[in-house]
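Since this is a predicted model, take the numbers as computed values, not measurements. Every chain is numbered from 1 and lettered A, B, ... according to where its sequence line falls, protein lines coming before strand lines. Just the heavy atoms: all of them, side chains too, but no hydrogens, waters or symmetry mates, feed the values below.
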2 protein chains.
Amino acid sequence: MYSRRMAGVKMSGGVEWAVHCCVVLSQADGPVPAQRLAEFHGISRTYLAKHLQHLSRAGLVTSTEGRIGGYVLTRPAGEISVLDVVLAIEGREPAFRCTEIRQNGPLPASPAACRRACGVARAMHAAERAWRDSLGAVTIADLGEGVLEDAGPDTFVHLREWLGT
Amino acid sequence: MYSRRMAGVKMSGGVEWAVHCCVVLSQADGPVPAQRLAEFHGISRTYLAKHLQHLSRAGLVTSTEGRIGGYVLTRPAGEISVLDVVLAIEGREPAFRCTEIRQNGPLPASPAACRRACGVARAMHAAERAWRDSLGAVTIADLGEGVLEDAGPDTFVHLREWLGT
DNA sequence: CTAATCGCGGATAACACCTATCCGCGTTCA
DNA sequence: TGAACGCGGATAGGTGTTATCCGCGATTAG
Ligand code: SF4
Ligand code: SF4
């Protein structure tokens, strides 16, 4: 699916799907099945279902089983941040994982010096905090307004019509 | 090497090695061979060599071939940020990669609306910018001072003695 | 000059994670 | 009852990370 060489810190592609689904759900009146969400975005239904289950386990969406089931946002769109979605899909593990190599080799750091994280780890964690703070400041409701600005004020009207089909 | 399950946005472990090597190099008088750097940190010599080559290609370190060769920092430690090292090892690709799913499905976004990145992509890129700004504000020299605070003022004296062995 | 040391780049393999699909199960409702 | 739906496990292919090994060219001690 990805043609170019890629490297480095990378984010799962499912995050993009999940965020878009949340924006759609914020405009829906009732439960929207995964089938419908996948159709709307032109993506794999079975794989999207996996991501939606992650959102469900994280408590961001509430699932309704049975005949006319589907997904509904648990909280108002203004109370769900992009960070919530990213953490639900990607997990809560920090990107930087310290392997404590300062304790290896001929001059290992003393146990006293290792009581707290070293400067390297502190710098990495501070950067991740800045990243999370930035994502935490944007809500699904904010993204919905952005769509209206970019695509016109009647976009969600068409969306609701299609969902009701 | 990693026993626990991990998920999500992740950073290559080689970044930690590379940053530590830069701190060591900032305290060395002459070229330090990869063999020595690997010994000091108790890590794989052959694999570390790969990362050092990345640093060399990025221009952060200058390599000397031959009998008494090794690596030297190209710039002063105060002019090399942690971000420089991370980008050299991990590459410059952004973590979030947009697949433009808004152009799919029964209600695709109009070409006019796609002239610029949508709100989702903008939020992701803003968060990455905050992450990079945070990492760019910390230099190798700063980390060296942190080591002195944590491990005592004679730490680098011992280091230089061992390097001279 | 010779040999030892060193950096460089390619080839290779094991492993983990991402992507994607399929199936069976339980639930709900027409 | 049957159709639609969510849930979880099993599975498979692709990609990136981790790690090692080899040959090559460069440099220097002896
Ligand atoms: S010095 Fe910092 S990054 Fe390095 S091993 Fe220790 S805690 Fe981890
Ligand atoms: S809406 Fe944004 S994140 Fe989604 S496909 Fe379009 S540009 Fe990418």
Side-chain angles (χ1 to χ4, degrees), chain A residues 1-18 21 25 30-39 41-58 60-72 89-91 93 95-97 99 101, chain B residues 1-18 21 25 30-39 41-58 60-72 89-91 93 95-97 99 101:
Chain A
M1 187 170 180
Y2 300 116
S3 55
R4 291 166 304 187
R5 307 281 181 290
M6 287 172 311
V9 189
K10 65 188 192 306
M11 181 179 292
S12 163
V15 172
E16 185 183 358
W17 296 5
C21 286
L25 290 179
V32 183
Q35 168 76 46
R36 217 89 178 119
L37 290 168
E39 264 180 59
H41 294 112
I43 57 183
S44 158
R45 180 194 132 273
T46 57
Y47 191 29
L48 176 63
K50 289 289 176 217
H51 295 313
L52 292 172
Q53 286 170 25
H54 277 94
L55 293 183
S56 179
R57 264 173 258 168
L60 296 181
V61 301
T62 305
S63 61
T64 313
E65 293 191 347
R67 182 70 174 73
I68 56 167
Y71 294 94
V72 182
I89 301 295
E90 298 276 0
E93 301 289 330
F96 180 79
R97 302 178 298 267
T99 46
I101 62 174
Chain B
M1 185 169 183
Y2 299 116
S3 55
R4 293 166 304 191
R5 306 280 180 288
M6 286 172 311
V9 188
K10 66 186 190 306
M11 181 179 292
S12 162
V15 172
E16 185 185 358
W17 297 4
C21 286
L25 289 178
V32 183
Q35 169 75 45
R36 219 91 178 112
L37 290 168
E39 264 180 58
H41 294 113
I43 56 183
S44 157
R45 180 192 134 272
T46 56
Y47 191 30
L48 176 63
K50 289 287 177 225
H51 294 313
L52 291 172
Q53 287 170 25
H54 276 95
L55 294 183
S56 179
R57 264 173 257 167
L60 296 181
V61 301
T62 304
S63 61
T64 314
E65 294 190 348
R67 183 71 174 71
I68 55 168
Y71 294 92
V72 182
I89 300 295
E90 298 276 1
E93 301 289 329
F96 180 78
R97 302 179 298 267
T99 46
I101 61 175

Exercise. Between C/dT19 and A/S12, is there an OP1 or OP2 to side-chain N/O distance shorter than 4.0 Å?
Worked result: yes
For this session: Taking the side chain as every heavy atom from C-beta outward, state whether B/L25 and B/V72 have any atom pair closer than 4.5 Å.
Result: no
For this session: Rounded off to whole Å, could you give me the CZ-to-C1' distance for the A/R36 and D/dC5 pair?
Result: 14 Å
Exercise. Which whole-number value in Å describes the distance from A/Y71 OH to D/dC5 P?
Worked result: 12 Å
Exercise. Among residues 42-56 of chain A, which contact DNA chain D at a heavy-atom distance under 4.0 Å?
Worked result: A/K50, A/Q53, A/S56
Exercise. So, for A/L55 and A/A18, which heavy atoms are closest and what is the spacing to 0.1 Å?
Worked result: CD1-CB, 4.1 Å
Seminar exercise, completed: Per-nt protein contacts along nucleotides 25-30 of chain D (heavy atom under 4.0 Å; B base, S backbone sugar-phosphate only, - none) come out as -BBBS-
For this session: Would you indicate what B/R57 reaches in the nucleic acid, counting non-hydrogen atoms under 4.0 angstrom: base, sugar-phosphate, or nothing?
Result: sugar-phosphate
Seminar exercise, completed: For A/C21 and A/L48 the tightest heavy-atom approach is SG-CD1, 3.8 Å
Exercise. Taking CZ from B/R97 and C1' from C/dC18, how many angstroms apart are they, rounded to a whole number?
Worked result: 10 Å
Exercise. In terms of heavy-atom contacts, does CZ of A/R45 have more than 12 from other residues, nucleotides or ligands at under 6.0 Å?
Worked result: no
For this session: Would you confirm whether B/E90, through its side chain, and B/S12, through its main-chain N or O, come within 3.5 Å as a donor-acceptor pair?
Result: yes
For this session: Kindly write out the residues that satisfy ring pair (Phe, Tyr, Trp, His ring centres under 6.0 Å) with A/H54, not counting sequence neighbours, or none if the list is empty.
Result: none
For this session: Write down the atom of B/T99, the atom of A/E16, and the distance for their closest heavy-atom approach.
Result: OG1-OE1, 2.7 Å
Seminar exercise, completed: Minimal heavy-atom distance between A/M11 and B/R97, with the atoms involved, is O-NH2, 3.6 Å
